[in-house]
Engineer: 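This structure is in structure tokens; I'll ask about it shortly.
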There are 2 protein chains.
Amino acid sequence: MNLLLLDPKNSVNDGGYALTERQQQHVSKVIKAVTGDVLRVGLLNGGIGEGVYQAADDKQPAYIHSLALSAKPPAPLPMVLVMALPRPNMLKRTLQNISAMGVKEIYLIHSAKVEKSYWQSPVLQQDSIQQSLLEGLEQAKDTVMPVCHMIPRFRPFVEDQLPAILAGKRGLLAHPYKAQVCPVAIEEPCVLALGPEGGWNEFEVTKWLAAGMESVHLGERILRVETVVPVLLSRLYPAGC
Amino acid sequence: MNLLLLDPKNSVNDGGYALTERQQQHVSKVIKAVTGDVLRVGLLNGGIGEGVYQAADDKQPAYIHSLALSAKPPAPLPMVLVMALPRPNMLKRTLQNISAMGVKEIYLIHSAKVEKSYWQSPVLQQDSIQQSLLEGLEQAKDTVMPVCHMIPRFRPFVEDQLPAILAGKRGLLAHPYKAQVCPVAIEEPCVLALGPEGGWNEFEVTKWLAAGMESVHLGERILRVETVVPVLLSRLYPAGC
């Protein structure tokens with residue numbers, strides 16, 4: 001946790017914000033702060049700066065007050081990431097990493113090679129997803145919460161929603177066949193679509209291409225989703241990660 | 001497992017190579033091969049191609065024979081990676097990813113902010129390390145086993161070993177202060193040194209710089225080691241990962 005990210009929902013009486021239990025643990029055990037200490041904090045979807053720590057007492061939990069938030073969060077990556085729903089045991093870490101790297105719009109989509117049971121996993125509940133995204137922000141010292149959409153049906157998304165999302169952006173489909181080499185350091189915003197283990201099937205590729213995506217490949221090596229996400233984001237926007 | 005990587009140590013009578021238990025499981029359960037099937041295989045530190053599967057019987061374990069290995073493994077990354085020893089629970093995955101991305105020379109080094117106890121972890125035993133590196137190769141369809149050196153003492157390495165390793169290469173020290181922006185898409189080979197959580201301390205930075213390394217930073221975001229490794233490798237050698 002590199003930034004205490006305060007949630008406006010947790011406001012307390014005197015204009016401060018209560019710490020969550022996790023943040024309280026970090027402040028007590030890692031930072032070892034005492035009442036009156038000035039700590040580096042951010043406000044969710046707001047600025048970054050400092051605030052004064054007030055330890056918990058009988059009446060209220062620990063909180064931060066007298067905030068001075070003059071710095072802006074780091075620039076977001078100018079991209080929309082569409083990815084086939086990863087295995088549940090990979091989802092938490094994947095979302096943390098995506099959030100830490102500055103992606104602000106994520107679509108988790110069904111694909112023929114995604115097991116249907118993945119969509120029933122408890123890690124897909126909004127609370128769990130928000131928590132993973134938040135941990136990514138705290139890691140990277142960012143404040144702007146990404147939006148994560150669930151798309152359990154492939155075809156209506158690609159046919160009906162994608163054209164509007166793609167407007168004004170370059171569409172890149174990670175797909176190893178009939179593809180050009182993935183570009184390096186692009187200037188324009190993009191939509192990047194990453195397939196499941198085993199890749200998109202033929203029908204899906206046809207649909208993506210018909211919607212205006214171009215297929216790109218990364219070379220001979222096959223990397224895991226946890227590796228390919230940072231590799232691709234860094235390749236497309238090396239100055240932004 | 002995207003490539004069955006055969007070990008020359010496991011040669012059998014008729015010029016074939018026995019499968020390990022893990023490979024046997026993969027062949028039976030995922031590929032579902034039967035005797036006589038032609039499978040895609042590689043030979044450790046050798047070529048890639050095809051071989052014929054022979055199921056296990058009473059006398060011997062399953063093996064692959066009649067190998068035709070005409071393809072070369074993917075090109076390695078032209079770099080030496082020196083990294084502060086990660087937490088034991090991160091080491092296996094980190095080594096898998098580094099191996100999958102094509103790094104062939106790795107130094108795991110002590111640093112002031114690495115807990116001494118990490119050096120006693122069972123995951124540092126050569127068997128465990130070799131297994132992680134092998135799984136990275138199988139993932140990425142590579143055959144060339146990386147070399148991983150253990151450096152439990154910082155100073156003798158940087159003073160005595162580093163100059164020879166650095167000869168003819170660009171030395172890049174990941175360090176967020178007094179640093180230039182990390183270059184993108186370099187042509188020359190490099191030595192990249194990645195610090196522990198919390199970074200290198202002042203003494204260490206002085207030593208690295210005295211040895212001829214230049215310090216580079218990645219921007220405002222602080223990423224975990226599992227994310228920063230693919231981000232940096234892809235940034236330095238976008239065509240190679």
Side-chain angles (χ1 to χ4, degrees), chain A residues 1-3 30 42 48 71-77 90 93-103 135-144 176 181-186 197-199 217-241, chain B residues 1-3 30 42 48 71-77 90 93-103 135-144 176 181-186 197-199 217-241:
Chain A
M1 195 186 296
N2 295 307
L3 183 70
V30 182
I48 295 174
K72 285 186 183 165
L77 288 184
M90 295 298 304
R93 209 159 57 220
T94 303
L95 288 175
Q96 280 176 15
N97 288 342
I98 292 170
S99 174
M101 280 186 287
V103 177
E135 288 174 21
L137 297 180
E138 291 172 335
Q139 167 70 33
K141 301 204 283 185
D142 193 353
T143 68
V144 182
V181 171
C182 180
V184 173
I186 64 174
E197 283 176 53
H217 73 79
L218 262 184
E220 292 174 83
R221 298 180 181 278
I222 301 179
L223 301 175
R224 290 195 182 152
V225 67
E226 69 188 271
T227 319
V228 88
V229 170
V231 162
L232 270 172
L233 270 44
S234 176
R235 179 179 177 124
L236 293 171
Y237 301 107
C241 289
Chain B
M1 195 186 294
N2 295 306
L3 184 69
V30 182
I48 295 174
K72 284 185 183 167
L77 288 184
M90 295 299 305
R93 209 159 58 220
T94 303
L95 288 175
Q96 280 177 14
N97 288 342
I98 292 169
S99 174
M101 281 185 286
V103 177
E135 289 174 20
L137 297 180
E138 290 171 336
Q139 166 69 34
K141 302 203 283 185
D142 192 354
T143 68
V144 182
V181 172
C182 180
V184 173
I186 65 175
E197 282 176 53
H217 72 79
L218 262 184
E220 293 174 81
R221 298 181 182 278
I222 301 179
L223 301 175
R224 291 196 181 151
V225 67
E226 69 188 271
T227 318
V228 87
V229 169
V231 162
L232 270 171
L233 269 45
S234 177
R235 179 179 176 122
L236 294 170
Y237 301 107
C241 289

Engineer: Sub-3.5 Å donor-acceptor pair from the side chain of A/R235 to the main-chain atoms of B/P238, do we have one?
Structural biologist: yes
Engineer: Give, for atom CG of B/L137 and atom CZ of A/R221, the distance between the pair rounded to the nearest 0.5 Å.
Structural biologist: 8.0 Å
Engineer: With a 4.5 angstrom heavy-atom cut-off, is it the side chain or the backbone of B/R93 that approaches chain A, or both, or neither?
Structural biologist: side chain
Engineer: Using the test side chain to side chain donor-acceptor pair (under 3.5 Å), find all partners of B/Q139 that sit at least two apart in sequence or belong to another chain.
Structural biologist: none
Engineer: To the nearest 0.5 Å, how far apart are CD in A/E135 and CZ in B/R224?
Structural biologist: 7.0 Å
Engineer: How many angstroms lie between atom CG of A/L233 and atom OG of B/S234, to the nearest 0.5 angstrom?
Structural biologist: 9.0 Å
Engineer: Less than 4.5 Å apart, side chain to side chain, heavy atoms only: is that true for A/Q96 and B/T227?
Structural biologist: no
Engineer: Check each atom of B/T94 against the heavy atoms of chain A and say whether the ones under 4.5 Å are side chain, backbone, both or neither.
Structural biologist: neither
Engineer: Among A/A140, A/A100, A/C182, who wins on heavy-atom pairs under 4.5 Å with chain B?
Structural biologist: A/A140
Engineer: Which distance, rounded to the nearest 0.5 Å, do you find between the CG of B/L223 and the CG of A/N2?
Structural biologist: 10.0 Å
Engineer: Can you tell me which portion of B/A75 sits under 4.5 Å from chain A's heavy atoms? Options are side chain, backbone, both or neither.
Structural biologist: backbone
